[in-house]
A.B. asks: 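For reference, the structure I am asking about is given below.
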Amino acid sequence: MAEVIEVGEGNGAEAIARAVEVLAGGGLVALPTETVYGLAACADDERAVARIFAAKGRPSHNPLIVHVPDVGAARAVAGTWPAAADRMARAFWPGPVTLVVPRGASVVAAVAAGGPTVALRAPASAITLAILRRLGRPVAAPSANRSQGVSPTRAEHVVSSLGARVDLVIDAGPCAVGLESAVVDVSREPARLLRPGTVDLEQLRAVLPELVPYDGAGDAQRSSPGQDRRHYAPAARLSLVESVDLADAARRAPGPTGLLLLDARPDLPVAWSQVLGRDPRHYASGLFAALWAADAAGCRSLIVELPPRSPAWSAVLDRLQRAAAPG
Ligand code: AMP
Ligand code: MG
């Protein structure tokens with residue numbers, strides 16, 4: 001099993017030192033961020049990067065996000081630093097917005113799936129920022145789970161998904177945001193949203209008005225190789241169902257059946273249920289933990305009440321649609 005350090009009041013310095021030691025030695029460290037736990041390795045170390053792909057079972061055509069502590073470190077990693085990148089980074093970093101920019105020489109080709117660009121982000125986690133600063137090297141970190149599975153928002157998700165495939169887990173409690181970052185390609189003009197996140201289109205366009213919206217159906221998928229249709233899927237068969245059809249769906253689904261709801265439905269007797277409510281931020285922060293819990297409860301079917309189709313819900317809807325895609 002992996003070594004786990006629970007970060008508490010007194011042991012921050014020890015956790016930082018140990019994480020830096022393992023990363024510098026070519027190891028894999030699960031790091032907390034505000035989005036999900038990341039599986040980190042030095043992005044300038046070819047063997048360490050290869051270990052990330054192997055541990056996740058991730059196809060080599062799916063590029064990794066490189067984590068940096070600040071704009072200065074990002075500029076050092078990028079081949080060129082577009083004006084749009086600078087505006088976005090200054091507005092949203094540290095935070096859940098990833099910027100695709102031309103790739104510099106320090107990042108190994110495998111991180112970028114051999115492509116000419118690299119995705120960069122400064123995560124809003126005090127302990128992870130401290131680790132990145134102390135290490136002084138760029139760190140590649142995709143979500144710390146097996147490929148296509150549910151992303152980890154708690155340290156125990158990492159341990160149950162990756163086990164001994166990860167050397168060290170830094171446990172800083174549940175992730176506050178709970179969904180992966182928005183990915184914005186600023187390497188081309190006009191800039192384009194490749195993956196929706198909890199910072200929504202309106203907020204991104206307040207800084208970059210020319211930004212082209214996310215097109216889940218086609219464009220974004222072709223230009224962002226990792227955007228597989230099926231992703232974030234629990235073991236339970238997930239279906240997205242309108243509120244009025246819940247009772248019917250619950251009756252027909254092969255059990256044990258779980259329900260993921262916007263509002264409580266005591267009239268529906270099922271093996272497992274959870275209410276995530278109608279606030280999209282609160283819903284996002286609890287979604288992946290609910291998918292993990294439904295699996296742990298042994299659900300064979302998981303019926304998810306369809307959230308409103310409004311911009312505030314776009315990141316949640318994107319993840320739910322991928323989780324429901326046939327395997
Ligand atoms: P993950 O770290 O597991 O959340 O996945 C990162 C995602 O970011 C990938 O699946 C890609 O869709 C996207 N991405 C990473 N690097 C690039 C890049 N250079 N160009 C376009 N998209 C990227
Ligand atoms: Mg992932």
Side-chain angles (χ1 to χ4, degrees), residues 28 30-41 43 49 52-53 55-68 74 77-80 82 85 96-104 107-123 128 138-153 157-158 161-162 166 175 177-188 191-199 212 214-216 218-234 284 287-288 291-292 315 318-319 322-323 325:
L28 299 186
L31 292 178
T33 80
E34 80 282 34
T35 60
V36 303
Y37 275 79
L39 182 62
V49 168
I52 293 181
F53 284 92
K56 282 182 62 76
R58 183 163 171 127
S60 59
H61 66 258
N62 188 352
L64 309 177
I65 294 173
V66 172
H67 292 67
V68 291
V77 171
T80 59
V97 176
T98 294
L99 302 172
V100 173
V101 300
R103 174 164 63 98
V107 169
V108 303
V111 165
T117 59
V118 64
L120 299 177
R121 175 171 109 83
T128 291
V139 159
S143 51
N145 57 287
R146 295 282 291 165
S147 192
Q148 295 205 335
V150 179
S151 297
T153 55
H157 300 157
V158 177
S161 183
L162 294 177
V166 54
C175 302
V177 171
L179 287 191
E180 298 83 354
S181 56
V183 178
V184 180
D185 184 357
V186 288
S187 72
R188 62 193 288 286
R192 183 165 44 164
L193 181 58
L194 298 179
R195 175 172 77 183
T198 50
V199 178
V212 176
Y214 172 66
D215 169 14
D219 216 24
Q221 244 147 318
R222 277 195 300 277
S223 56
S224 197
Q227 301 271 21
D228 295 337
R229 207 162 75 81
R230 182 176 164 86
H231 211 136
Y232 317 109
L287 173 60
F288 288 148
L291 300 184
W292 281 96
D318 172 73
R319 303 311 187 273
R322 290 177 196 285

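Only this structure's heavy atoms are used, side chains among them; waters, hydrogens and symmetry mates stay out. Just so you know, ligand 1 is whichever comes first in the structure, and atom 1 is the first atom listed for that ligand. Fair warning: this is a prediction, and the values are worked out from it, not measured in the lab.
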A.B. asks: Taking atom types as modelled and ignoring hydrogens, do the side chains of Ser181 and Arg195 form a donor-acceptor contact shorter than 3.5 angstrom?
C.D. replies: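 Present: a donor and an acceptor within the cut-off.
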
A.B. asks: How does Thr117 reach ligand 1, if at all, at less than 4.0 Å between non-hydrogen atoms: by side chain, backbone, both, or neither?
C.D. replies: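 Answer for Thr117: both.
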
A.B. asks: Using a strict 4.0 Å cut-off to heavy atoms of Leu194, name the atoms of ligand 1 that fall inside it.
C.D. replies: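 In order of numbering, the contacting atoms are 21 (C), 22 (N).
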
A.B. asks: Does Ala112 have a heavy atom less than 4.0 Å from any atom of ligand 1?
C.D. replies: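 No; Ala112 lies far enough from ligand 1 that no heavy-atom distance drops under 4.0 Å.
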
A.B. asks: N/O/S of Ser151 less than 2.8 Å from the Mg ion (ligand 2)?
C.D. replies: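 No, Ser151 does not qualify, because none of its backbone or side-chain N, O or S atoms lies under 2.8 Å.
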
A.B. asks: For the residue pair Glu180 and Ser151, confirm or rule out a side-chain donor-acceptor distance under 3.5 Å.
C.D. replies: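 Per modelled atom types, Glu180 and Ser151 side chains form a pair under 3.5 Å.
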
A.B. asks: Backbone N or O of Gly115 within a donor-acceptor pair of the Arg103 side chain at under 3.5 Å?
C.D. replies: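 Present.
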
A.B. asks: Judging by distance only, is a nitrogen or oxygen of Arg195 under 3.5 angstrom from one on ligand 1?
C.D. replies: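 Yes: some nitrogen or oxygen of Arg195 is under 3.5 Å from one in ligand 1.
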
A.B. asks: Answer side chain, backbone, both or neither: which part of Arg58 comes under 4.0 Å from ligand 1, heavy atoms only.
C.D. replies: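 Near ligand 1, Arg58 shows its side chain, while the N, CA, C and O stay back.
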
A.B. asks: Please answer whether the main-chain N or O of Asn62 pairs with a side-chain N or O of Arg58 as donor and acceptor at a distance below 3.5 Å.
C.D. replies: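 At least one qualifying donor-acceptor pair exists.
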
A.B. asks: To the nearest 0.5 angstrom, please state how far the CG atom of Leu64 sits from the CD1 atom of Ile52.
C.D. replies: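 The distance works out to 5.5 Å.
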
A.B. asks: Can you tell me if Asn145 and Tyr37 form a side-chain donor-acceptor pair at under 3.5 Å?
C.D. replies: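 Side-chain D/A pair, Asn145 to Tyr37: absent.
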
A.B. asks: Please check if the side chain of Lys56 supplies one atom and the backbone of Gln148 the other of a donor-acceptor pair under 3.5 Å.
C.D. replies: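 No.
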
A.B. asks: Evaluate Asn62 for polar contact with ligand 1, using N/O atom pairs at a separation under 3.5 Å.
C.D. replies: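 N/O-N/O distance under 3.5 Å: yes.
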
A.B. asks: For ligand 1, which atoms sit closer than 4.0 Å to a heavy atom of Ser143?
C.D. replies: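 Selected atoms, number and element: 2 (O), 3 (O).
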
A.B. asks: Mark the output for Arg103 as yes if a heavy-atom distance to ligand 1 is under 4.0 Å, and as no if none is.
C.D. replies: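 No.
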
